[in-house]
Amino acid sequence: MAGRRQPVEFEDFLPLMVEKLGEEGLMEELSNGFRLLMDPRRGLITFDSLKRNAALLGLGALGDDDLRAMLREGDSDGDGALSQWEFCVLMVRLSPDLMDHHAFAA
């Protein structure tokens with residue numbers, strides 16, 4: 001099918017990051033990632049800030065619809081943008097192996 005786009009490959013590095021950095025280190029890195037992507041005027045990741053910075057994450061090939069879908073996936077309060085909390089929750093949710101990782105074991 002000529003017009004069909006291939007899905008973006010996602011390699012899950014969060015379990016490795018937890019192993020190397022610990023839980024606090026992972027949260028610090030997620031916070032750094034949030035600050036990298038956020039709109040400094042709003043303190044949120046907006047469509048425009050995500051589009052502007054997507055290449056920094058290796059996501060430069062994603063189209064506008066894909067970027068909007070990413071925002072919708074994590075936008076729990078319906079404001080069309082991601083807060084730091086929403087971003088961190090989304091990153092953990094997108095990591096299928098993270099919750100199985102020994103760092104989060106009881």
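- Cluster partners of Leu36 are Leu56, counting Ile, Leu, Val, Met, Phe, Trp and Tyr whose side-chain heavy atoms approach within less than 4.5 Å, directly or via other members.
- Side chain of Asp75 to main chain of Asp79: a donor-acceptor pair is present (N/O by atom type, distance under 3.5 Å, no hydrogens or angles).
- Closest approach of Asp77 and Ala81 over heavy atoms only: OD1-O, 4.4 Å.
- Residues passing the side chain to side chain contact (heavy atoms under 4.5 Å, CB included) test with Arg72 are Arg68, Ala69, sequence neighbours excluded.
- Under a hydrophobic clustering in which Ile, Leu, Val, Met, Phe, Trp and Tyr are joined whenever their side-chain heavy atoms come within less than 4.5 Å, directly or via other members, Leu44 and Met91 fall into different clusters.
- Using a 4.5 Å heavy-atom threshold, the side chains of Leu71 and Leu82 count as touching.
- The side chain to side chain donor-acceptor pair (under 3.5 Å) search around Glu28 returns none, not counting sequence neighbours.
- The two residues Arg42 and Thr46 make their nearest non-hydrogen contact at NH1-CG2, 3.3 Å.
- Residue pairs satisfying the salt bridge (charged side-chain N to carboxylate O under 4.0 Å, His left out) criterion with at least one member in residues 43-56, sequence neighbours excluded, are listed as follows: Lys51-Asp64.
- Using a 4.5 Å heavy-atom cutoff, the side chains of Met38 and Ile45 are in contact.
- Under the 4.5 Å side-chain contact rule for hydrophobic residues, Leu30 and Val89 do not share a cluster.
- Applying the side chain to side chain donor-acceptor pair (under 3.5 Å) rule to Asn32 yields the partners Arg35; only residues at least two apart in sequence or on another chain are considered.
- Remark: Ala54 pairs with Leu59, Leu67 by the side chain to side chain contact (heavy atoms under 4.5 Å, CB included) rule, at least two apart or across chains.
- The heavy-atom pair separating Ser83 from Phe34 by the smallest distance is C-CE1, 3.4 Å.
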